[in-house]
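Below you'll find the structure, written out as structure tokens, and then a few comments.
Bear in mind the structure is a predicted one, so any value in this text is a computation, not a measurement. Keep in mind that the numbers below use all heavy atoms, side chains included, and drop hydrogens, waters and symmetry copies.
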Amino acid sequence: LNLAAKVFVKEITQEVSIEKTPKANISFAGINKPAPYFELFDANGNKTKLSDFLDSPLVLVFWTTWNQSAADQIKILDEYAAKSRDTLFKVATINNQEDKSVVSNFTRRGGYIILVLLDENGAIGESYQIKTLPTAFFIDTKGIIKDTFTGIMSEEILLEKIENII
């Protein structure tokens, strides 16, 4: 019975959107607004911050392992990154509110090379006002959000949107 309950809960949560109520002290991550600053660690303990990416445009994707669409997005981005190492933009992903061990196991099993940062408490997701996963932000070299995309983004959509900010 316990195993069946876990499967049932997993099936229910795969299509859940994360709803957050905007708070007065949270930056709004809107088009033509500055991207909220972050400093996050990857699973290996390396610190990465928003300013590390300002030498080229950035595609920043929020995701989680339990949402199949978000997990599929990581696979698409990773496949693109593996074949396109010399691009004019960078891609970083932020895992939203999951334990480091869960994310590490997921990326190790998938053999992913894409940068995965950990937002274990969800503070950065709140500052970007994430409501649905996956959600991507297209940030220019000045740190300004130029576009967003919610849902699974194909390689074609990725390239079309990034062309608008390069």
Side-chain angles (χ1 to χ4, degrees), residues 18 20-67 70-71 73-108 110-151 153 155 157-159 161-166:
I18 298 173
K20 299 284 184 188
T21 305
K23 297 177 183 164
N25 63 346
I26 292 177
S27 301
F28 175 68
I31 304 297
N32 294 320
K33 304 247 184 189
Y37 183 78
F38 64 82
E39 284 186 15
L40 293 170
F41 292 94
D42 65 16
N44 297 321
N46 301 310
K47 187 193 297 188
T48 301
K49 50 191 181 231
L50 178 62
S51 57
D52 293 340
F53 299 102
L54 296 183
D55 59 336
S56 64
L58 171 66
V59 180
L60 186 65
V61 179
F62 287 83
W63 69 288
T64 190
T65 64
W66 55 260
N67 179 298
Q73 182 67 80
I74 295 305
K75 182 174 171 62
I76 292 167
L77 292 171
D78 190 74
E79 288 173 354
Y80 179 77
K83 71 179 184 182
S84 308
R85 294 210 181 256
D86 296 326
T87 63
L88 298 174
F89 62 96
K90 294 181 181 170
V91 177
T93 68
I94 296 179
N95 179 273
N96 196 39
Q97 298 183 358
E98 288 188 286
D99 186 73
K100 176 171 118 174
S101 64
V102 171
V103 179
S104 293
N105 287 336
F106 176 86
T107 56
R108 187 176 61 252
Y112 299 126
I113 61 168
I114 196 148
L115 177 61
V116 176
L117 302 173
L118 305 170
D119 183 18
E120 291 181 276
N121 66 9
I124 305 305
E126 280 191 41
S127 69
Y128 279 80
Q129 297 185 359
I130 299 301
K131 293 182 174 39
T132 304
L133 297 169
T135 295
F137 293 86
F138 296 83
I139 303 168
D140 70 10
T141 57
K142 295 178 181 151
I144 305 298
I145 296 171
K146 291 301 187 179
D147 204 351
T148 63
F149 188 87
T150 301
M153 180 174 44
E155 183 177 320
I157 294 171
L158 170 69
L159 295 175
K161 291 200 166 280
I162 203 69
E163 278 182 19
N164 294 329
I165 65 171
I166 289 183

Any donor-acceptor N/O pair, Glu39 side chain to Lys47 backbone, under 3.5 Å: no
Starting from the C-alpha separation in whole Å, work towards a yes-or-no answer on ring pair (Phe, Tyr, Trp, His ring centres under 6.0 Å) for Trp63 and Phe106. CA-CA 12 Å; Trp63 69 288; Phe106 176 86; 5.3 Å; yes
Return yes if some donor-acceptor pair links the side-chain N/O of Asn121 with the main-chain N/O of Ala123 below 3.5 Å, else return no. yes
Among Thr48, Ile139, Leu60, find the residue that satisfies the side-chain contact (heavy atoms from CB on, under 4.5 Å) test when tested with Phe53. Thr48
Nearest non-hydrogen partners of Asp140 and Leu54, listed with the distance: O-CD2, 4.0 Å
Contact list for residues 83-105, test ring-ring contact (aromatic ring centres under 6.0 Å, His included), sequence neighbours left out: Tyr80-Phe89
Hey, are Lys83 and Glu79 close enough for a salt bridge, meaning a charged N less than 4.0 Å from a carboxylate O? no
Quick one, Phe138 and Ile162 - any side-chain contact, counting heavy atoms below 4.5 Å? yes
Can you tell me if Thr107 uses its side chain to pair, donor with acceptor, with the backbone of Ser104 under 3.5 Å? yes
Hey, is Lys90 close enough to Asp55 for a salt bridge, meaning N to O under 4.0 Å? yes
Glu120 with Lys100: basic N within carboxylate O range, under 4.0 Å: no
Side-chain donor-acceptor contact under 3.5 Å, Thr65 with Glu98: yes
Tell me yes or no: between the side chains of Tyr128 and Glu126, is some donor less than 3.5 Å from an acceptor? no
Hey, is the main chain of Thr64 close enough, under 3.5 Å, to the side chain of Asn96 for a donor-acceptor pair? no
Polar contact flag, side-chain donor to acceptor under 3.5 angstrom, Asn32-Lys146: yes
Can a donor-acceptor pair be found, under 3.5 Å and without considering hydrogens, that links the side chain of Thr93 to the backbone of Leu115? yes
Would you indicate whether the side-chain heavy atoms of Leu117 and Phe38 approach each other to under 4.5 Å? yes
Side-chain donor/acceptor of Asp119 to backbone N/O of Ile124, under 3.5 Å: yes
Using modelled atom types and a 3.5 Å cut-off, is there a donor and acceptor pairing between side-chain atoms of Asn105 and backbone atoms of Val102? no
